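Here the structure comes first, spelled out in structure tokens, and everything after it is commentary.
The figures here come from the full heavy-atom set of this structure, side chains too, leaving out hydrogens, waters and symmetry mates. Everything numeric here is computed off the predicted structure, so don't read it as measured data. Order of listing sets the numbers, starting from 1, for every ligand and every atom in it.
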Amino acid sequence: MSVEELWNKLKNATGCKSLLKKHLTEERYKNLKGKKTAFGGTLADCIRSGCENLDSGVGIYASDPQAYTVFADVLDAVIKDYHKVDKLNHPEPDFGNIDKLGFSDLDPSGNFIISTRVRVGRSHDNYGFPPVITKEQRLAMEAATVSALDKLKGELAGTYYPLTGMSRETQKQLMDDHFLFNDSDRFLRDAGGYRDWPSGRGIYFNHAKTFLVWVNEEDHLRFISMQKGGNLGEVYSRLVKAIRAMESSGLSFAKRKGLGYLTFCPSNLGTTLRASVHIKIPKLAASPEFKAFCDRYNIQARGIHGEHTESVGGVYDISNKRRLGLTEFEAVQEMRRGVEACISEEKKLGKWWRIW
Ligand code: ADP
Ligand code: ARG
């Protein structure tokens with residue numbers, strides 16, 4: 001579909017609640033429709049997914065790092081709305097003191113939290129995002145990433161497994177264990193996320209599968225630290241060490257003043273950090289107050305197979321919703337407070353159920 005067709009579909013949509021629909025006004029559309037970034041990215045590349053999927057929550061992606069400047073008129077409005085900030089003055093990275101975090105295991109009883117995961121996204125400054133990157137560029141970027149990963153030592157040392165040539169069974173097992181991404185997200189597909197699949201995609205992990213790197217999924221890179229149980233302190237510290245090691249390995253990551261680290265989706269900008277637990281909260285989740293509860297703590301609930309999936313057996317993925325306008329340490333603290341509140345609320349509801 002041409003940019004005009006995409007725009008008309010969005011303009012005529014009723015019941016569409018996306019941030020794209022809200023912020024791409026006629027005036028902005030007219031001003032932006034003819035623009036192009038140095039990577040060749042257009043307005044159509046940014047809005048295709050949100051126009052094809054009118055049930056999108058966000059609805060817009062950045063075609064490449066420069067889109068945040070060229071299409072700032074609409075992207076800035078979406079970013080402010082999603083992250084609930086008035087100004088785009090994201091602070092410099094601050095991971096806190098990992099030797100003195102002040103938190104460790106959020107669930108020493110082991111009754112609630114099944115596993116904990118913290119991830120960040122990173123983009124290479126000199127490559128476009130999925131709508132514009134070529135197969136050759138994706139392969140070159142994969143090669144540069146793998147040579148940086150090869151330098152990791154100690155607990156972080158591991159092996160890179162390209163998706164090309166990986167058996168279906170291995171892929172399925174890694175997905176079932178929540179380690180690997182898949183190619184079934186229609187929002188990402190319509191944004192160009194699966195072009196030339198599976199070429200240039202892969203996963204790196206250490207022996208214990210507690211540190212993982214996704215290459216060329218939604219973002220160029222996703223660094224992930226995860227383990228069973230609720231020890232957020234261990235998971236977060238490992239991730240911070242990994243980020244530092246990757247930064248000193250010669251890679252340069254896209255970052256802008258006021259926006260923080262750049263990602264394909266504006267919902268991930270800034271810290272790019274999503275700290276989550278898989279947690280058993282059947283009573284809280286069934287309560288009519290659950291949505292308001294999540295909003296109050298700035299947390300988001302997802303199903304256990306990731307975004308846009310359902311909960312199984314009252315187990316939810318609970319994470320910080322905001323990633324921009326606060327530091328990494330503050331984002332993880334926001335998630336910690338939310339998770340602690342979930343546990344205490346679930347316990348309270350459990351007591352009431354017993355009395356009744
Ligand atoms: P992200 O945007 O953080 O990559 P997704 O919602 O797409 O998140 O989830 C990616 C994968 O990570 C999914 O398989 C999901 O089940 C898994 N995952 C997320 N949080 C946890 C967690 N706390 N423990 C185990 N697996 C997790
Ligand atoms: N584009 C999708 C939407 O608007 C996903 C947005 C956030 N998630 C993501 N993985 N970037 O609903």
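- Under the 4.0 Å criterion applied to side-chain N and carboxylate O atoms, D295 and K291 are assigned as salt-bridge partners.
- Contacts between R302 and ligand 1, counted as non-hydrogen atom pairs separated by less than 4.0 Å, involve the side chain only.
- At a 4.0 Å heavy-atom cut-off, ligand 1 touches R274 through the side chain alone.
- A salt bridge does not link R337 to E340: none of the charged side-chain nitrogens sits closer than 4.0 Å to a carboxylate oxygen.
- Among all heavy-atom pairs drawn from L239 and S225, the shortest one is CB-CB, 3.8 Å.
- Protein heavy atom nearest atom 12 (O) of ligand 2, with residue, atom name and distance: G57 N, 2.9 Å.
- Atom 11 (N) of ligand 2 has as its closest protein heavy atom E218 OE2, 2.8 Å.
- At a heavy-atom distance under 4.0 Å, atoms from both the backbone and the side chain of R117 approach ligand 1.
- A salt bridge links D55 with R186: the closest approach of a Lys/Arg side-chain nitrogen to an acidic carboxylate oxygen falls below 4.0 angstrom.
- With respect to atom 5 (C) of ligand 2, the closest heavy atom belonging to the protein is Y61 OH, 3.9 Å.
- Of the N and O atoms on the side chains of N8 and E4, not one donor lies less than 3.5 Å from an acceptor on the other residue.
- Given atom 24 (N) of ligand 1, the protein heavy atom at minimum distance is S115 OG, 2.6 Å.
- With a heavy-atom cut-off of 4.0 Å, H305 touches ligand 1 through its backbone alone.
- Remark: minimum distance from atom 1 (P) of ligand 1 to any protein heavy atom is reached at R119 NE, 3.5 Å.
- For F264, the closest heavy-atom approach to ligand 2 does not fall below 4.0 Å.
- Shown in contact with I304 at under 4.0 Å from a heavy atom are these atoms of ligand 1, numbered in order with element: 15 (C), 16 (O).
- Within the 4.0 Å heavy-atom criterion, neither part of F181 lies near ligand 1.
- Those atoms of ligand 2 that come under 4.0 Å of a heavy atom in E307, given as number and element, are 7 (C), 8 (N), 9 (C), 10 (N).
- Only the side chain of D317 comes within 4.0 Å of ligand 1, counting heavy atoms alone; its backbone N, CA, C and O stay farther away.
- Between F211 and Y204, the ring-plane angle classifies as perpendicular under the 30° and 60° cut-offs.
- Checked options R122, H220, H124; the residue passing with T145 is H124 (criterion: side-chain hydrogen bond (donor to acceptor under 3.5 Å, both in side chains)).
- Distance OG1/T271 to NE2/H83: 8.0 Å, rounded to 0.5 Å.
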